[in-house]
Amino acid sequence: MTDQSDHDVIVIGAGVIGVSIALALQAAGRDVLLVDRSAPGNGASFANAGAFAFSDIVPLATPGIIRAAPRWLADPLGPLSVDPSYVFAIAPWLLRFWRASWKDRFPRLMEAQAALMELSRAALERQVADTSGEHLLQREGQLRVYQGARRFERSRSYWDACRQYGIRFDLLESPAEIAELQPGLSSEFTHAGYTPDWINTRDPMLWLEHLLSVFRARGGVVDRLDARALQAGDERITLHGAEATLSAGHVIVAAGAWSRTLAMSLGDRIPLETERGYNTTIRQAGFDLRTHITFADHGFVASRIQDGVRVGGAVELAGLVRPPNFKRAKILRDKASAFMPGLDASRGREWMGFRPSLPDSLPVIGHAQRTDRVVYAFGHGHLGLTQAAGTAELVQALICGVTPPLDAAPFSARRFT
């Protein structure tokens, strides 16, 4: 791409959020150009756990969580860690994270998260029907397991939240009950909660490629562009990229972890950080995984990806430039081997991805403060795949000037001013 061109709508970011938005705007009659700094899906959409985690309505910043901060520094391989050399850089974000956990804010954040989840669940079904994508889904539920009654009792607030917002679940209180759903787990897991409406995709990259193929078949264009800055005019938005300068009537910023710089070019200082997630995909794993398993107290999951098992998760706050610490992936593999006897985790493909994260656990979905011609759609943390279809419908409403399908105020960029 080398020339200057005019477009109706440009969507920056060809991950699952951007592609879903491009499809939704295309369905509304808009001519859409989708651009990305690298090949589509090279970011967090490539190798995530493949879960549509609609029951995960509880924000990460739960009341009292900041008391665990010393452990984050002391255990660099723990479920949630902060790189000691990054502490000063991330301190303002951590302060906002702590403030979001206060009891005067937390209920409102959970209410907003639950509303976006409800929209996203229904929107996914519409997206699946529209794109004929049912063959790429696994409707096998999720098993959230606990070691002993004491740890299970500590999780009651999670299940109370699920009950409050109408999320179906069954509680299991013996290894035998667990084995009926998922045989082969270690007997140390004595309690669990099962959410039957949880959905996985066979492979998140296959899902993304499917959506992209539909977008292209309907006349959509995908191009390579390293977007650097946005400039607002009265009638058009100018997009300055490393390869070209483009203009459009509207621009959607859905560039994941790389969205903050684009927002700053318009004067919006959004406290976007990255949750660096690690996983290992194991082919011929030797374990009959029948449902998505969440090892709640250890911060990782096991999901079936095509003919293998993907083990990953945890949260590492260390920014975009530090090299990956694949010891974290090994820790998760070792735990998975102990928890799922028979799993051969000795070989596999390791991966690290950047999950764009905001301190209150809600994404930014809304207009730039300087112009309604730019809409932000980023910061979904580890819920990007889950909330992609719902985000797309919300952005479609904002661009088309119709009433949004939910109250968009909790997701506004203005909440950080």
Side-chain angles (χ1 to χ4, degrees), residues 13 15-21 41 43-62 65 79-80 97 100 106 109-125 127 137 142 144 158 161-162 165 167 195 197-201 204-205 207-208 211 254-257 259 270-279 292 294 296 299-301 303 310 312-317 353-366 376-395 405-406 408 410-411:
V16 70
I17 300 285
V19 175
S20 294
I21 291 169
S45 297
F46 171 68
N48 60 65
F52 297 96
F54 298 121
S55 63
D56 277 4
I57 60 172
V58 180
L60 183 61
T62 54
I65 193 172
L80 197 160
F97 178 79
F106 180 79
L109 295 176
M110 188 162 66
E111 182 179 1
Q113 189 76 286
L116 183 55
M117 289 296 199
E118 184 179 1
L119 170 64
S120 298
R121 182 196 302 275
L124 174 65
E125 299 298 348
Q127 189 180 57
L137 300 188
Q142 176 221 200
R144 192 177 179 93
Y158 175 89
C162 289
Y165 289 100
I167 295 167
T195 49
D197 298 325
W198 183 287
I199 302 170
N200 282 64
T201 176
M205 192 60 192
W207 177 248
L208 179 66
L211 298 181
S259 299
I270 298 174
L272 185 69
E273 263 299 334
T274 56
E275 302 174 23
R276 293 152 55 111
Y278 294 81
N279 68 41
H292 181 101
T294 299
F300 78 97
V301 305
S303 54
R310 182 165 290 166
V315 174
E316 178 190 47
L317 299 171
F354 299 105
R355 308 162 179 152
S357 181
L358 290 159
D360 58 5
S361 298
L362 299 182
V364 168
I365 310 171
Y376 300 139
F378 58 82
H380 295 74
H382 60 281
L383 297 170
L385 176 64
T386 303
Q387 297 175 338
T391 297
E393 291 193 359
L394 185 50
V395 170
L406 54 71
F411 309 101

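Residue numbers start at 1 and run along the sequence shown.
To the nearest 0.5 Å, the span separating CD1 on Ile57 from CD on Glu111 amounts to 10.5 Å. In this structure, CG in Leu272 is found 5.0 Å from CG in Leu358, a value given to the nearest 0.5 Å. The structure places OG of Ser120 at 7.5 Å from NE2 of His380, a figure rounded to the nearest 0.5 Å. Expressed to the nearest 0.5 Å, how far CG of Leu406 lies from CG of Leu119 amounts to 5.0 Å. In this structure, CZ in Arg121 is found 10.5 Å from CH2 in Trp198, a value given to the nearest 0.5 Å. Rounding to the nearest 0.5 Å gives a distance of 7.5 Å between CD of Gln387 and CZ of Phe411.
Heavy-atom minimum distance, Met117 versus Ala53: CE-O, 3.4 Å. Annotation for Gly390 and Ala123: closest pair N-CB, 3.7 Å, computed over non-hydrogen atoms. The two residues Gly50 and Leu385 have their closest heavy-atom pair at C-CD2, 3.6 Å. Smallest separation of non-hydrogen atoms from Pro356 and Ala257: CB-N, 3.6 Å. Residues Asn200 and Ser303 come closest through the heavy atom pair ND2-CB, 3.7 Å. The minimum heavy-atom distance between Pro363 and Leu116, with the atom names listed, is CG-CD2, 3.8 Å.
In this structure, the side chain of Thr386 engages the main chain of Ala51 through a donor-acceptor pair within 3.5 Å. Of the possible polar contacts, none joining the Gln113 side chain to the Pro59 backbone as a donor-acceptor pair under 3.5 Å is found. Between the side chain of Arg310 and the backbone N or O of Asn48 there is at least one donor-acceptor pair closer than 3.5 Å.
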Between Phe300 and Asn279, is the side-chain contact (heavy atoms from CB on, under 4.5 Å) condition met? List the steps. CA-CA 9 Å; Phe300 78 97; Asn279 68 41; over 6 Å; no
*Pair Leu211-Gln127, side-chain contact (heavy atoms from CB on, under 4.5 Å): steps then yes or no*: CA-CA 9 Å; Leu211 298 181; Gln127 189 180 57; 4.0 Å; yes
field: Ile167/Asp197 under side-chain contact (heavy atoms from CB on, under 4.5 Å): CA gap, chis, key distance, verdict
entry: CA-CA 8 Å; Ile167 295 167; Asp197 298 325; over 6 Å; no
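The shortest side-chain heavy-atom distance between Tyr165 and Ser55 does not fall under the 4.5 Å cut-off. Between Asp56 and Tyr158, the closest side-chain pair of non-hydrogen atoms falls below 4.5 Å. The shortest side-chain heavy-atom distance between Leu383 and Arg355 does not fall under the 4.5 Å cut-off. Phe52 places a side-chain heavy atom less than 4.5 Å from the side chain of Thr201. Looking at heavy atoms from C-beta onward, Leu109 lies out of side-chain contact with Ser361 at the 4.5 angstrom threshold. Here the side chains of Ile270 and Tyr376 are in contact, with some heavy-atom distance below 4.5 Å. A 4.5 Å side-chain heavy-atom check between Phe378 and Ile365 finds every atom pair outside the cut-off. Counting only heavy atoms from C-beta outward, the side chains of Thr62 and Met110 never approach each other to under 4.5 Å.
A donor-acceptor pair shorter than 3.5 Å can be found between the side chains of Gln142 and Thr195. For the residue pair Ser357 / Glu275, a side-chain donor-acceptor distance below 3.5 Å is found, with atom types taken as modelled.
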